[in-house]
Visitor: 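Questions regarding the structure given below will be posed in turn.
The first residue of the sequence shown is numbered 1, and numbering continues consecutively from there.
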Amino acid sequence: MVSKQNMIAVVMILLGVGLTQIKPAQPFTIGLGVGTIAIASFWIILLIIKELKKK
């Protein structure tokens, strides 16, 4: 079963990808998109590590 945390993180990554693709490209939206992707990816990595420590 998929947890809600994982679904939220994936939606955040997709939002970040969308922000980097907005035309005309502005440095603020690109930076916001990359930052969103980085934070969501870090969140997923922390969840994976937490799950691995349980086993």
Side-chain angles (χ1 to χ4, degrees):
M1 184 165 184
V2 179
S3 72
K4 290 181 183 179
Q5 290 182 349
N6 291 341
M7 290 190 317
I8 291 171
V10 170
V11 168
M12 285 179 59
I13 290 173
L14 293 174
L15 175 67
V17 170
L19 285 171
T20 60
Q21 300 300 314
I22 292 176
K23 301 292 180 196
Q26 296 178 353
F28 176 75
T29 57
I30 292 174
L32 185 63
V34 170
T36 304
I37 293 168
I39 290 171
S41 299
F42 183 69
W43 185 6
I44 289 176
I45 290 168
L46 286 178
L47 290 173
I48 290 170
I49 291 171
K50 190 167 90 172
E51 286 294 320
L52 288 176
K53 284 185 178 181
K54 283 183 182 178
K55 295 181 179 182

Visitor: Which heavy atom of A25 sits nearest a heavy atom of I30, and at what distance?
Guide: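 In this case the closest contact between A25 and I30 is CB-CD1, 3.8 Å.
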Visitor: Each residue besides L46 in its hydrophobic cluster should be listed here, by chain and number; the cluster joins Ile, Leu, Val, Met, Phe, Trp and Tyr at side-chain heavy-atom distances under 4.5 Å.
Guide: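 The other cluster members (ILVMFWY side chains, heavy atoms under 4.5 Å, direct or chained) are F42.
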Visitor: Where is the tightest heavy-atom contact between T29 and Q26, given as atom of each residue plus distance?
Guide: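 Result for this residue pair: OG1-O, 3.0 Å.
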Visitor: Which ILVMFWY residues are connected to L32, directly or by a chain of links, through side-chain heavy atoms under 4.5 Å apart?
Guide: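 L32 clusters with L15, L19, I22, F28.
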Visitor: Is there side-chain contact between I44 and I13, with at least one heavy-atom pair below 4.5 Å?
Guide: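 Yes, their side chains come closer than 4.5 Å.
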Visitor: Test of understanding: with side-chain contact (heavy atoms from CB on, under 4.5 Å), list the residues that count as partners of T20, not counting sequence neighbours.
Guide: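 Partners of T20 under the side-chain contact (heavy atoms from CB on, under 4.5 Å) test: V34.
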Visitor: So do the side chains of M7 and V11 get within less than 4.5 Å of each other, counting heavy atoms only?
Guide: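 A side-chain contact is absent here, since even the closest heavy-atom pair is not under 4.5 Å.
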Visitor: Could you list the residues that satisfy salt bridge (Lys or Arg N to Asp or Glu O under 4.0 Å) with K54, not counting sequence neighbours?
Guide: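 Per chain and number, K54 pairs via salt bridge (Lys or Arg N to Asp or Glu O under 4.0 Å) with E51.
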Visitor: Of all residues at least two apart in sequence or in a different chain, which pass the side-chain contact (heavy atoms from CB on, under 4.5 Å) check with Q5?
Guide: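 Residues passing side-chain contact (heavy atoms from CB on, under 4.5 Å) with Q5: S3, W43, L47.
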Visitor: Could you tell me which residues satisfy side-chain contact (heavy atoms from CB on, under 4.5 Å) with L52, sequence neighbours excluded, listed by chain and number?
Guide: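 With sequence neighbours excluded, L52 shows a side-chain contact (heavy atoms from CB on, under 4.5 Å) to I48, given in chain and number order.
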Visitor: Indicate the atoms forming the closest heavy-atom contact of A40 with A9, along with that distance.
Guide: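 Taking every non-hydrogen atom into account, CB-O, 3.6 Å.
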